[in-house]
Amino acid sequence: MTKKNTTLGEFIIENQDSFQYTSGELSKLINAIRLAAKVVNHEVNKAGLIDILGAAGDTNIQGEDQQKLDVLANDKFIQTLKNREIVCGIASEEEDDFISINSNDEQHQNKYVVLIDPLDGSSNIDVNVSVGTIFSIYRRITPVGTPVTLEDFLQPGDNQVAAGYIIYGTSTMLVYTTGDGVNGFTLNPAIGTFYLSHPNMKFPETGKIYSVNEGNYTHFPQGVKDYIKYCQKEEDDRPYTSRYIGSLVSDFHRNMIKGGIYMYPKSSMAEEGKLRLLYECNPMAYLAEQANGKASDGKRRIMELQPTELHQRVPFFCGSKKMVEKAEEFMR
Ligand code: AHG
Ligand code: MN
Ligand code: MN
């Protein structure tokens, strides 16, 4: 039993043997993500200052565009993972194509690919509201020793070996799973160390919070409209409370702790919804299921879906099991 004041570094070592594959490579990779999280945290915390520095104009002295924080987070994450020589490929929301890391033979030996949303909730950056980073890790399908291909990234969520998020909120937390429950670590910024603060996180079976962008209400399918009306109805333990930050990581994190459902349905404006299957929905679905919750596209388990494109979008309903089941009932 892990003690509550365990550091993330200690936790990774202690739990290395419980991974399905125990070469130590996945532990090293989680360690690299831990480091990247601290680097990005440092940047996010300076956001106000960066904005002040950037206010002089849109271009820097070399005539390059001033970096936006999501691009900066993307660069820092990719840089950290590349420098550590720990993955064979990276896909990111901010990159059109996947990145193959194959500059020398030794790096070809790496077995894992990472998919990231480097900065989630980026519309909240300018207004000092919580943002996050989401990551998803798979073992490659193609043989070790060859360059990665698209097929290594287009795997169903059920193949994930680890997934998690970092939330840059009132405190910075790293929350992740390797298939043995979900654990949350809080950063002590004074010493730059993550401590296990939320062991074995679980969604309450049901909850009282629904999170959806209700501005899109008139464009939602009838089943979604009916479910929202159900949430608002004065009956039993309802009406529920509406809470929507507009940052999936933050909305998910709150709902996991308090009990609730997050929804990004398809609409007449966005046929497949908005969220991306590979680096938003699948990692959150893996965390949800590992925490007794549920994630669905309205009909099917998110993690069963066979991806066809890197930046594919999918409708997303995720959270407390009973609430997601109820929403599915309305959509049938
Ligand atoms: P990103 O900042 O990575 O593009 O993701 C934003 C996502 C998600 O975090 C959030 O829940 C949703 O978009 C908000 O979208 P709306 O503004 O359409 O509600
Ligand atoms: Mn996002
Ligand atoms: Mn993003």
Side-chain angles (χ1 to χ4, degrees), residues 8 11-12 19 25-41 43-44 70 72-84 86-95 98-99 101 110-122 130-140 148 152-169 172-180 182-185 187 194 201 247-250 252-253 256 275-291 295 302-303 307 310-311 318:
L8 175 54
F11 183 89
I12 291 169
F19 296 154
E25 202 177 317
L26 185 58
S27 299
K28 282 190 204 129
L29 175 48
I30 306 260
N31 259 318
I33 287 174
R34 173 181 68 149
L35 176 64
K38 290 187 213 176
V39 175
V40 174
N41 176 62
E43 299 298 334
V44 168
D70 41 10
L72 208 65
N74 184 53
D75 291 350
K76 295 286 176 195
F77 240 92
I78 290 173
Q79 231 172 59
T80 309
L81 294 176
K82 267 188 180 169
N83 289 348
R84 295 251 148 165
I86 195 65
V87 289
C88 51
I90 305 171
S92 162
E93 182 191 325
E94 303 299 333
E95 308 280 338
F98 64 85
I99 300 168
I101 300 174
N110 291 326
K111 288 190 284 290
Y112 294 99
V113 296
V114 177
L115 296 100
I116 53 168
D117 176 355
L119 209 71
D120 172 69
S122 36
S130 300
V131 291
T133 297
I134 310 173
F135 62 90
S136 168
I137 301 173
Y138 294 86
R139 282 172 76 87
R140 62 182 302 172
V148 284
D152 293 313
F153 296 90
L154 298 186
Q155 301 190 49
D158 272 331
N159 289 2
Q160 289 174 102
V161 293
Y165 59 80
I166 299 121
I167 176 165
Y168 313 100
T172 294
M173 284 187 69
L174 194 155
V175 175
Y176 81 103
T177 183
T178 53
D180 188 23
V182 176
N183 290 288
F185 300 81
L187 181 67
F194 281 104
M201 298 177 85
S247 169
L248 168 64
V249 168
S250 314
F252 178 100
H253 186 75
M256 179 159 62
L275 299 184
R276 265 61 57 102
L277 174 59
L278 288 177
Y279 41 80
E280 291 181 316
C281 302
N282 268 337
M284 292 319 227
Y286 190 22
L287 289 163
E289 289 195 6
Q290 283 293 319
I302 286 290
M303 292 203 289
L310 209 48
H311 299 288
C318 179

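This is a predicted model, so every value here is computed, not measured.
Counting only distance, with no hydrogens or angles, the side chain of T172 and the backbone of Y168 share no donor-acceptor pair below 3.5 Å. S136 places no side-chain N or O within donor-acceptor distance of the main-chain N or O of A163, the cut-off being under 3.5 Å. Distance alone, capped at 3.5 Å, is enough to place a donor-acceptor pair between the E25 side chain and the K111 backbone. Judged by distance alone, with hydrogens and angles left aside, the side-chain atoms of H253 form no donor-acceptor pair with the main-chain N or O of M173 at under 3.5 Å. Between the T133 side chain and the P118 main chain, a donor and an acceptor come within less than 3.5 Å of each other. In this structure, E94 contributes its side chain and D70 its backbone to no donor-acceptor pair below 3.5 Å. Judged purely by atom type and a 3.5 angstrom limit, D120 uses its side chain to pair as donor or acceptor with the backbone of L248. Without hydrogens or angle criteria, Y286 side chain to G179 main chain gives a donor-acceptor distance under 3.5 Å.
Across all non-hydrogen atoms, the minimal contact from E289 to M303 is OE1-CE, 3.2 Å. For the pair L26 and A162, the tightest heavy-atom approach, listed with the atom from each and the gap, is CD1-CB, 4.4 Å. Scanning all heavy atoms of the two residues, the minimum distance from P283 to L278 falls at CD-O, 3.5 Å. Nearest heavy atoms, L29 versus L81: CD1-CD2, 3.9 Å. Scanning all heavy atoms of the two residues, the minimum distance from L174 to A37 falls at CD1-CB, 4.1 Å.
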Next item on the list: Report the C-alpha distance between F77 and I116 in whole Å, list the side-chain angles of each, state the deciding distance to 0.1 Å, and finish with yes or no for side chain to side chain contact (heavy atoms under 4.5 Å, CB included).
Entry: CA-CA 9 Å; F77 240 92; I116 53 168; 3.8 Å; yes
Next item on the list: Apply the test side chain to side chain contact (heavy atoms under 4.5 Å, CB included) to residues M256 and M284: give CA-CA distance (whole Å), side-chain angles for both, the deciding distance (0.1 Å), then the verdict.
Entry: CA-CA 11 Å; M256 179 159 62; M284 292 319 227; over 6 Å; no
Next item on the list: Start with the C-alpha gap between T178 and I137, add the side-chain angles, then the distance that decides, and say whether side chain to side chain contact (heavy atoms under 4.5 Å, CB included) holds.
Entry: CA-CA 9 Å; T178 53; I137 301 173; over 6 Å; no
Check: Between I101 and I90, is a side chain to side chain contact (heavy atoms under 4.5 Å, CB included) present by the stated rule, with each step listed?
Finding: CA-CA 8 Å; I101 300 174; I90 305 171; 3.6 Å; yes
Next item on the list: Check step by step if side-chain hydrogen bond (donor to acceptor under 3.5 Å, both in side chains) holds for N282 and Q160.
Entry: CA-CA 8 Å; N282 268 337; Q160 289 174 102; 4.7 Å; no
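In this structure, Y138 and L115 have side chains that are in contact, with non-hydrogen atoms separated by less than 4.5 Å. Inter-residue side-chain proximity for H311 and Y279 is flagged as met; some heavy-atom pair is nearer than 4.5 Å.
Ring pair F252/Y165: centre-to-centre distance below 6.0 Å.
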